[in-house]
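Shown next, in structure tokens, is the structure this report addresses.
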Amino acid sequence: MIPQEFGRLTRLKYLNLSSNAFQGEIPTNLSYCLDIQVINLTYNNLVGKIPEELSSLSTNKLKGFYVSFNGLTGSIPRWLGNASSLLDLRMVQNYFQGTIPSELGRLRNLEVLTVSKNNLSGEVPPSIYNISSLLRLSLSANRFYGKIPQDIGFTLPNLLGLYVGGNQFTGHLPISLSNASGLRVMDLGFCHFTGTVPTNPGSLKGLERFTVPVNQLETDEAEGFSFLTSLTNCSNLQTLQLGSNRFKGALPASLGNFSTSLQCLDLGDNQISGSIPEGIKNLIGLTILGIFMNSITGEIPEGIGKLERLELIALADNRISGAVPETIGNITKLSRLYLYTNNLSGNIPPSLGKCKHLEVLYLYGNNLTGFIPKEVVSLSTTLNFRLDQNSLTGPLPMEVGNMINLVELDVSNNRLSGEIPSTFSKCIMLEFLDLGDNLFGGRISQSLSALRSLSYLDLSRNKLSGQIPAYLQNFTLLQSLNLSYNDLEGEVPHEGVFRNVSAFSIVENRKLCGGIEILGLPTCEVPIKLKRGTPIAIKIAIPVAISCLVLLAFFGIPPELGHLRRLQTLNLSNNYLGGYIPVNLSRCSNLIDLELEQNYLEGEIPSEIGSLSKLVYLYLGNNNLTGRFPSSLGNLSSLQQLGLAYNSLEGDIPDAVSQMRSLIIFEVGANQFSGSFPASLYNLSSLSIISLAINNFSGGLRTNIGLAFPNLQVLALAQNWFNGRIGSSLSNASYLEVLDLPFNNFTGTIPLSLGNLQSLWRLNVPSNILGTRGVDDLSFLTSLANCSKVQFLDFRRNQFGGQLTTSIANLSTQLTWLDIGDNYIHGSIPPEIANAANLINLDVVGLAKNILTGFKVPLDLYCIMCVGLMGASIHPVLETPSAGTGQAHGGLTASTRWCCMESIAKRLMSACSLVQVFALPFKD
């Protein structure tokens, strides 16, 4: 922690504690350092709010206040608006909430205001746009909305950097920005801007970065790409990103007039037509060129080979024709080449072998012919290599064995011939191998036996002969095997992948025999020697009787679905599908929704699913999946809902989950996961539903859990081994509706602050170690009276002591279940409870197994408590409003008792079913 003693340094002017590991809160005693000019606390682990006491520093001396990259919470203090000398205010990457205070607009000397990567929301106060001294304004990665003022270029004329990307801003891009003549950076991406790009951005001579990707911008019918021509006047421009908009029309020849300082040109995912301008050869500073997913025609200019600094070329998903230029081989720094799904023809240039850093080569889906150059398959750096869906001929060169780091190889749907190279034995990293739909002959090479990392192997539709190698059944990671349409013979193995009929295919191999029963193949001939040594062939017949239901259960997901490249939604839930999840579903690169719940799927979740970058919904719950949570799922940056409940997954939740910044629902209940509460989740402030119920998680929850998850609606942690206190910060999760923590080892008291949760309807914490047996243990019930929507409260089997108070009578009118049984509560039941108009909907009150005493049971409550008082020392005496003392001795009639028992039983079954509900998928 930062020592409070710093406050004694009353003459301190500069305090720089950045890039340490300080924890705790900012010391309030810093308020005594009245001469301080700079406070720099960046890159630490500080938590809590910025102390209000520091308002004493808002004098004419404080010039720099830096608290970026911590875990600070609360709102941005309004008193900062009184620090009239403040020049630099940086609060990046914390957990600040609320809006930007309009008071900051009084800082007439402020030059830098950066509040990026927080949980801020609302409209930006107009006063902020009037701080004419601002040089840098950074609002990115929050939840701001509204429009950017059209006159911003006049009100902020000195602006050098404008960062507003990753928000919900709407409207048109301000034309007046060209008036801020010193502007160097305009980061306006990932918003909802519409209209056209102003035609005059080229007047910003110092512009270095212009990024507007993922908006709804379009070209003006009359002006076209005139703004691009204007930008050629920006001689310092380094980054130009226009991807994922609605730009259309042909690229102007002026594209080749951009400055040689341009490093990144991204025009992908638009509606651009025409050809690539020849002048692109002039952009010799380019490292990234992306014009993919458009309607580009014509040929790739030969001059592209002059761009020797290029590391990535992405021209895929267009209508480009002609040959792959030989000159690309001159780009020796190239690491990724994406030319797939075009109309390219001719041979693959051997010169690509000069690209010694090439990691990804995707040329599939074209009309390429000729042999595969040995130079191209000799690169040891290559990880992903796809030439499928072309018209290539000849053998697969033996040099393929030099690709020792290869992970994916797909040359399917060509006319390749010869035998499978024996050098494959060197490619031990290979996970995906597809040689299908070719003319390969001979036996299945023994060299493949070294490929123990394979999860997908397709050798179908070739001319392979001989037996199926027995080593294939020892490939423990193999999930999909296709040997169909060959000339294989002999016995089909029984183990490994061959045990699951949906995981392999051997159709149209007419000489095969044996295998698992469901295949229906003839039994294999077994040679038996007679006494004289004469061999004889006999057949073993096994009766088969399998129900239709079992047949359905064995039916798997066809691997061929991987060919549906434009598929966006795949919902096969609630069927009887068995087998494994096909690895090649990862080839459906446009998938948004993948739902395979309620089946009989088994095996591991393919790591390749992590390549589905557009995936928003992934539900694999209620299957028989095993293995670990794939780290590759962390690549699913667009994923919003993840459901893996009711499987047999195990291990820790990987740190890579922290990259899933769009995640709203994280549901992994009813598995065998272990470890502590996943630290990776604390970085996902977007989460609204977290269900880890029925697993083996342990350890405590962070004290700032409610600050880390400001949008949390459901927290379900039932039946684990969690311990420690329930954090009072949960009250900051103002949308919280369900807090479900039963059957854990939580200790301490119920935080009084939970009474601030206006949306709370279910608080379920039985079977923990909560309470101290002290007199104040039930004080939280008073605060819960503020929760007007609460319906279900269960505190059974804990350590709560104290007496019942009249505050129970103030609980919500919607309350139907209240159980405080099996604790250490003493005293009598307050009669005020019976007269409480609020409790008119209460069906169950559980007070059993406490230390309650007394002789009166309020009549209005008796029917709902007749079971719930078992184990208490209360005499069953009815209190009536009739004559005399208001007491009537005697017990309940048998019919009354039965009525009560039946009512409670129904409620109990309903409530118990909720224990499982919170391990099921939560879904919009």
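Only heavy atoms go into these numbers, but all of them, side chains included; no hydrogens, no water, no symmetry mates. These numbers come from a predicted model, not from an experiment.
- Surrounding CZ of Arg415 are at most 12 heavy atoms belonging to other residues, nucleotides or ligands under 6.0 Å away.
- A donor-acceptor contact under 3.5 angstrom links the side chains of Ser244 and Asp269, judged on distance only.
- Ser631 approaches Ala656 most closely through the heavy-atom pair O-CB, 3.3 Å.
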Using the side chain to side chain donor-acceptor pair (under 3.5 Å) rule, take Tyr456 and Asn584 through it: C-alpha gap first, then chi angles, then the decisive distance, then the call.
CA-CA 8 Å; Tyr456 181 95; Asn584 60 349; 3.3 Å; yes
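- For Tyr735, the OH atom sits in a loose shell: 12 or fewer heavy atoms of surrounding residues, nucleotides or ligands are nearer than 6.0 Å.
- Seen from the ring of Tyr682, Arg702 counts as a face-on cation partner, given the 6.0 Å and 45° thresholds.
- Partners of Ile592 according to the side chain to side chain contact (heavy atoms under 4.5 Å, CB included) rule, which considers only residues two or more places apart in sequence or in another chain, are Gln568, Val616.
- Scanning for side chain to side chain donor-acceptor pair (under 3.5 Å) contacts around Asn635 gives an empty result, with sequence neighbours left out.
- The pair Arg587-Asp388 counts as a salt bridge, with a side-chain nitrogen and a carboxylate oxygen less than 4.0 angstrom apart.
- Checked by atom type, the side-chain pair Asp740/Asn764 shows a donor-acceptor distance below 3.5 Å.
- Heavy-atom minimum distance, Leu478 versus Leu481: CD2-CB, 4.1 Å.
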Check the pair Phe498, Leu519 against side chain to side chain contact (heavy atoms under 4.5 Å, CB included), reporting the backbone distance first and the verdict last.
CA-CA 10 Å; Phe498 296 98; Leu519 295 175; over 6 Å; no
